[in-house]
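So the structure is just underneath, and the comments pick up after that.
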Amino acid sequence: MAQIIKAIRGTRDLLPAETALWNRAERTAREVFARYNFGEIRTPVLEATELFARGVGEETDIVSKEMFTWEDRARAASEKPQSLTLRPENTAGVVRAYIEHKLHDTGQLQKLYYIGPQFRRERPQKGRYRQFFQIGAEVIGPASSGSESPLRDAEVLEMLAALLDELGIPRASAANEYQGWRLLLNSVGSSTDRPRYVAALREALLPVKDQMCPDNQRRADTNPLRVLDSKDEADQAIINALPKIADYLDDDSKQHFAAVLAALDACAVPYTVNPRLVRGLDYYTRTTFEFTVDLGLGTQNALLGGGRYDGLSEMLGGPRAPGIGFAIGEDRLILTLQALAELKAADEGELAPVKIDAYIAPLSPAQNAAALALARTLRAAGLQVEVGDGTFRLKKSFDAADRVARHIVILGEDEVAQQQATVKTFATGDQHKIGFDDLSATLRSSLAIRPTTLTFKEPTY
RNA sequence: GCGGCUAUAGUUCAGGGGUUAGAACGCGGGUCUGUGGCACCCGAUGUCGAGGGUUCAAAUCCCUCUAGCCGCCCCA
């Protein structure tokens with residue numbers, strides 16, 4: 001027997017039972033984004049490796065060891081082979097498109113959102129896959145369009161709060177034992193603040209480095225900012241004594257951050273300022289944030305992350321175009337929603353599965369053609385319809401119908417001859433004969449099927 | 001990339017060197033020829049993750065691989 005082929009490591013199939021939830025989440029996100037005047041952008045899954053090296057940062061873990069990268073062969077002798085990469089995130093691609101299509105020259109603020117797969121070659125775990133999905137958005141434009149305003153930061157954060165609220169994810173509070181979402185916020189400073197701070201950090205780490213865990217010793221050399229969000233218990237005292245980024249912000253950055261917090265207060269969006277929150281991508285400046293959630297996600301409790309990237313466009317060879325954005329881990333969002341649904345089911349009992357409108361059951365193969373024709377009519381009217389096969393016994397048809405549909409439409413010899421279907425409503429047990437021409441209207445209006453408004457008698461044979 | 005745990009029916013799981021591998025749910029059929037859900041009866045579940053080794057004998061012990069989960073790293 002031939003070897004079966006399986007989905008490759010870290011990728012997975014989403015079957016209808018799950019995609020229903022994915023679609024609901026995506027629909028909600030699209031609706032919320034539209035209310036804030038965001039339009040959708042779709043960028044290629046494949047980009048030049050150079051884009052991520054320059055945008056995300058050559059030294060970051062993502063670029064240095066987690067990308068799916070290969071050399072595409074040259075098409076002609078005169079052409080050089082090109083290094084291609086499956087995108088590990090989408091912000092760099094959006095900014096590349098912004099520059100490439102000269103959206104800057106419109107002078108307008110661009111509000112763009114995307115939904116799509118991203119790829120990172122990490123060890124798979126719950127909530128962490130090699131092909132994972134992100135729902136993200138970017139606000140970018142020339143400074144004259146207001147792209148640099150703290151209002152943009154606050155608006156994005158407020159929009160995210162609205163989205164999570166609308167998806168039914170509770171806010172963490174003492175009342176629910178902090179099972180819910182929580183916004184963590186920090187400012188990592190401007191592109192001039194940050195190098196000063198990193199230098200100070202390095203200096204402060206030098207004498208204490210040896211006392212820290214091996215991971216932190218390594219970080220102290222490669223990426224000192226990462227020492228700040230270390231979970232190592234023993235190192236916490238040392239970390240708390242390190243210089244604070246807040247003391248290295250220039251006046252502009254300080255005022256900017258204060259304005260963001262003031263706007264969040266005005267919108268009643270709860271947040272926690274965490275001076276140790278840092279991000280793993282080099283392009284972030286000033287406001288950075290993370291939403292965590294304690295439902296359904298194990299150690300991967302970061303539901304979404306984002307921040308400002310005022311210098312990214314220039315890094316990619318474009319004009320100065322400040323911006324802010326975020327990316328939601330859609331897989332993690334779904335895990336959270338599933339955990340929430342389970343909690344609810346434990347409280348209220350299982351929810352009845354959603355059923356389609358009708359199941360057409362021909363009584364013998366002679367009625368198969370008529371059944372398909374009737375299905376076509378009903379479907380054209382917008383009804384959700386399944387069709388059985390006339391070789392099934394009626395008993396089996398009922399069984400199959402009850403599993404998926406609210407009504408069974410029985411089609412025997414008499415029904416076809418009279419152009420009247422026998423329709424039974426599972427919930428009530430009511431059964432009526434309804435003319436083919438009236439069927440879609442009758443099924444559409446649940447009122448008409450209620451016994452109080454219909455006085456059909458049980459058919460007698 | 002590192003460490004640990006796990007892999008048996010469609011699903012959740014039990015078993016544990018010795019005839020033919022089990023339960024529940026689910027699935028198929030019947031009792032019941034155009035009226036289901038309940039009940040009762042019958043039936044099929046399967047390369048025991050893959051490959052190799054030890055042994056008279058391996059689903060069981062050992063090794064390698066693969067995949068999943070947990071933690072680390074990192075991040076969404």
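Naming convention: chains lettered A, B, ... in sequence-line order (proteins, then strands); numbering from 1 in each chain. This structure is a prediction, so every number in the text was calculated from the model and none was measured.
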Given [options], the nucleotide with the shortest approach to the side chain of [X]:
X: Ala327(A); options: rA76(B), rC74(B), rG34(B); value: rA76(B)
X: Arg226(A); options: rC73(B), rA76(B), rC75(B); value: rC75(B)
X: Arg403(A); options: rC75(B), rC70(B), rG28(B); value: rG28(B)
X: Phe132(A); options: rC27(B), rG34(B), rA76(B); value: rA76(B)
X: Gln431(A); options: rU35(B), rG30(B), rC75(B); value: rU35(B)
X: Glu122(A); options: rU35(B), rC73(B), rA76(B); value: rA76(B)
X: Arg120(A); options: rC75(B), rG34(B), rC27(B); value: rC75(B)

Return the pairing partner of [N] with a 3.5 Å limit on both distances, Watson-Crick or G-U wobble; otherwise return none.
N: rC27(B); value: rG43(B)
N: rU19(B); value: none
N: rA50(B); value: rU64(B)
N: rG34(B); value: none

Query raised in the report: In terms of side-chain geometry, is the basic nitrogen of Asp215(A) or Arg219(A) positioned less than 4.0 Å from the acidic oxygen of its partner?
Result: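 Arg219(A) and Asp215(A): not salt-bridged.
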
Query raised in the report: Are Asp357(A) and Arg444(A) close enough for a salt bridge, meaning some N to O gap below 4.0 Å?
Result: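 Salt bridge absent between Asp357(A) and Arg444(A).
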
Given the structure, check if the side chain of [X] and the base of [N] hold any donor-acceptor pair shorter than 3.5 Å.
X: Arg121(A); N: rC74(B); result: no
X: Glu415(A); N: rG34(B); result: yes
X: Arg128(A); N: rC69(B); result: no
X: Arg123(A); N: rG68(B); result: no

Can you measure [X] atom [atom1] to [N] atom [atom2] for me and round it to whole angstrom units?
X: Ile62(A); N: rC74(B); atom1: CD1; atom2: P; answer: 12 Å
X: Asn301(A); N: rG71(B); atom1: CG; atom2: C1'; answer: 14 Å
X: Asn90(A); N: rC75(B); atom1: CG; atom2: P; answer: 18 Å
X: Phe133(A); N: rA76(B); atom1: CZ; atom2: C1'; answer: 13 Å
X: Asp215(A); N: rG1(B); atom1: CG; atom2: P; answer: 17 Å
X: Gln131(A); N: rC75(B); atom1: CD; atom2: P; answer: 21 Å
X: Lys396(A); N: rU33(B); atom1: NZ; atom2: P; answer: 17 Å
X: Arg130(A); N: rC69(B); atom1: CZ; atom2: P; answer: 12 Å

Any side-chain donor-acceptor pair under 3.5 Å between [X] and [Y]?
X: Ser190(A); Y: Thr285(A); answer: no
X: Ser364(A); Y: Gln367(A); answer: yes
X: Asp153(A); Y: Thr287(A); answer: yes
X: Asn274(A); Y: Thr272(A); answer: no

With heavy atoms under 4.0 Å as the rule, sort [X] into base, sugar-phosphate or nothing.
X: Leu333(A); answer: nothing
X: Ile328(A); answer: nothing
X: Ile408(A); answer: nothing
X: Gln125(A); answer: base
X: Lys424(A); answer: base
X: Gly305(A); answer: sugar-phosphate
X: Tyr359(A); answer: nothing
X: Gly127(A); answer: base
X: Glu413(A); answer: base
X: Phe326(A); answer: nothing

Query raised in the report: For the side chain of Arg332(A) and the backbone of Leu303(A), is there at least one donor-acceptor N/O pair under 3.5 Å apart?
Result: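 It does not hold such a pair.
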
For nucleotides [N] and [M], find the distance between their [atom1] atoms and express it as a whole number of Å.
N: rG37(B); M: rU31(B); atom1: P; value: 13 Å
N: rG18(B); M: rC61(B); atom1: P; value: 11 Å
N: rA57(B); M: rG52(B); atom1: P; value: 16 Å
N: rA21(B); M: rG28(B); atom1: P; value: 25 Å
N: rU11(B); M: rC69(B); atom1: P; value: 16 Å
N: rC25(B); M: rA39(B); atom1: P; value: 10 Å
N: rC5(B); M: rC63(B); atom1: P; value: 11 Å
N: rG46(B); M: rG10(B); atom1: P; value: 6 Å

Query raised in the report: For Ile8(A) and Asp229(A), take the nucleotide of RNA chain B holding the closest heavy atom to each; which residue's nucleotide lies nearer the 5' end?
Result: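 This one resolves to Ile8(A).
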
Query raised in the report: Considering heavy-atom distances to RNA chain B, does Gly10(A) or Thr60(A) have its closest nucleotide positioned more toward the 5' end?
Result: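 Checking each residue's closest nucleotide, the 5'-ward one belongs to Gly10(A).
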
Query - Test of ring centre spacing under 6.0 Å for Phe33(A) and Tyr113(A) - result: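 Ring centroids of Phe33(A) and Tyr113(A) are less than 6.0 Å from each other.
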
Query - Under 4.0 angstrom between Arg9(A) side-chain N/O and rG68(B) OP1 or OP2 - result: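 Yes, because at least one side-chain N or O of Arg9(A) sits under 4.0 Å from OP1 or OP2 of rG68(B).
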
Query raised in the report: OP1 or OP2 of rG71(B) sitting under 4.0 Å from any side-chain N/O of Lys126(A)?
Result: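 Checking Lys126(A) against rG71(B): no side-chain N or O falls below 4.0 Å of OP1 or OP2.
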
Requested in this report: Indicate the ring-plane relationship of Phe291(A) and Trp181(A), choosing parallel, tilted or perpendicular according to the 30° and 60° boundaries.
Outcome: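 The arrangement is tilted - the two ring planes meet at 30° to 60°.
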
